[in-house]
Amino acid sequence: MAALGVLMVVLAALTACAGPYQYYEGTGLHDATAAEVAGSWENEGEDEGTRVVLREDGTALLDNLGGQDFDFEDGWRLSGTGTWRLTDDDGGQVVRLTLTARTRAEKRSPAPVTAPSATEPPPTYSWSFYVDRDPHDGLVLFFMYGDPDIGNKYVMTRETAS
């Protein structure tokens, strides 16, 4: 009987971190085209000043893009050039963005509280943006960041003319 109790405690501990997107399957969207995804994207929420340009030739420019998942907690923001491609699987479409040449790395302001052993910003990095549509049928790109139990979305929308 004690073994059963230990097993239940272990199972409870293992499933306690099963947050809302830990098993996220995607948006189910399958109708976006690469031409529709290409263009300038921005984030005005979590990381003001973030900008990503996805060129039709598959190259990309990134400005102040933070890491996804737990990497976001390290507080770095990367800028540089890279590549992108639109993929499609059972769960929906995903933009795979890879920073191949970092030109700048900086910390978010205000800097997040991190452990003294916080990692240095990586020289290259890859993101997976889920592709979805807003209520007006326009595209939005997003990835999850931070603690999986919270389910934070880092949303990129079409850049607006200033």
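Heads up: numbering here begins at 1 and tracks the sequence. If you're wondering where the values come from, they're calculated on a predicted model, not measured in any experiment.
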Checking [X] now: which residues fulfil side-chain hydrogen bond (donor to acceptor under 3.5 Å, both in side chains) with it, not counting sequence neighbours?
| X | result |
| --- | --- |
| Asp90 | none |
| Ser128 | Arg96 |
| Arg104 | Asp63, Asn64, Ser79, Glu106 |
| Ser126 | Thr98 |

### Query
Would Arg85 and Val95 count as a side chain to side chain contact (heavy atoms under 4.5 Å, CB included) if you check the C-alpha gap in whole Å, the side-chain angles of each, and the deciding distance to 0.1 Å?
CA-CA 6 Å; Arg85 62 189 171 90; Val95 171; over 6 Å; no
With rounding to the nearest 0.5 Å, note down the distance linking [atom1] in [X] to [atom2] in [Y].
| X | Y | atom1 | atom2 | result |
| --- | --- | --- | --- | --- |
| Leu141 | Trp84 | CG | CH2 | 9.0 Å |
| Arg108 | Trp76 | CZ | CH2 | 9.5 Å |
| Asp69 | Asn152 | CG | CG | 11.0 Å |

Counterpart residues, side chain to side chain contact (heavy atoms under 4.5 Å, CB included), relative to [X] (two or more places apart):
| X | answer |
| --- | --- |
| Ala105 | Leu78, Arg102, Pro121 |
| Pro123 | none |
| Leu29 | Thr27, Asp31, Ala32, Gln93, Val131, Arg133, Leu139 |

Looking only at non-hydrogen atoms, find the nearest pair between [X] and [Y] and report the distance.
| X | Y | result |
| --- | --- | --- |
| Asp134 | His136 | OD1-N, 2.8 Å |
| Gly91 | Asp89 | N-OD1, 2.9 Å |
| Gln68 | Met144 | CB-O, 3.6 Å |

Hits for salt bridge (charged side-chain N to carboxylate O under 4.0 Å, His left out) against Arg55, two or more places apart or cross-chain, chain-then-number order -> none
Minimum side-chain heavy-atom gap [X]-[Y] below 4.5 Å:
| X | Y | answer |
| --- | --- | --- |
| Tyr125 | Leu65 | no |
| Tyr154 | Thr50 | yes |
| Leu62 | Trp127 | yes |
| Lys107 | Arg77 | no |

- request: For the pair Val37 and Leu54, evaluate side chain to side chain contact (heavy atoms under 4.5 Å, CB included) and give the outcome as yes or no after the intermediate values.
  value: CA-CA 7 Å; Val37 171; Leu54 305 175; 3.7 Å; yes
Would you check, one step at a time, whether the test side chain to side chain contact (heavy atoms under 4.5 Å, CB included) holds for Arg158 with Trp41? CA-CA 5 Å; Arg158 285 279 178 203; Trp41 298 85; 3.5 Å; yes
The ring-ring contact (aromatic ring centres under 6.0 Å, His included) partners of Phe142 (sequence neighbours excluded) come to Tyr130
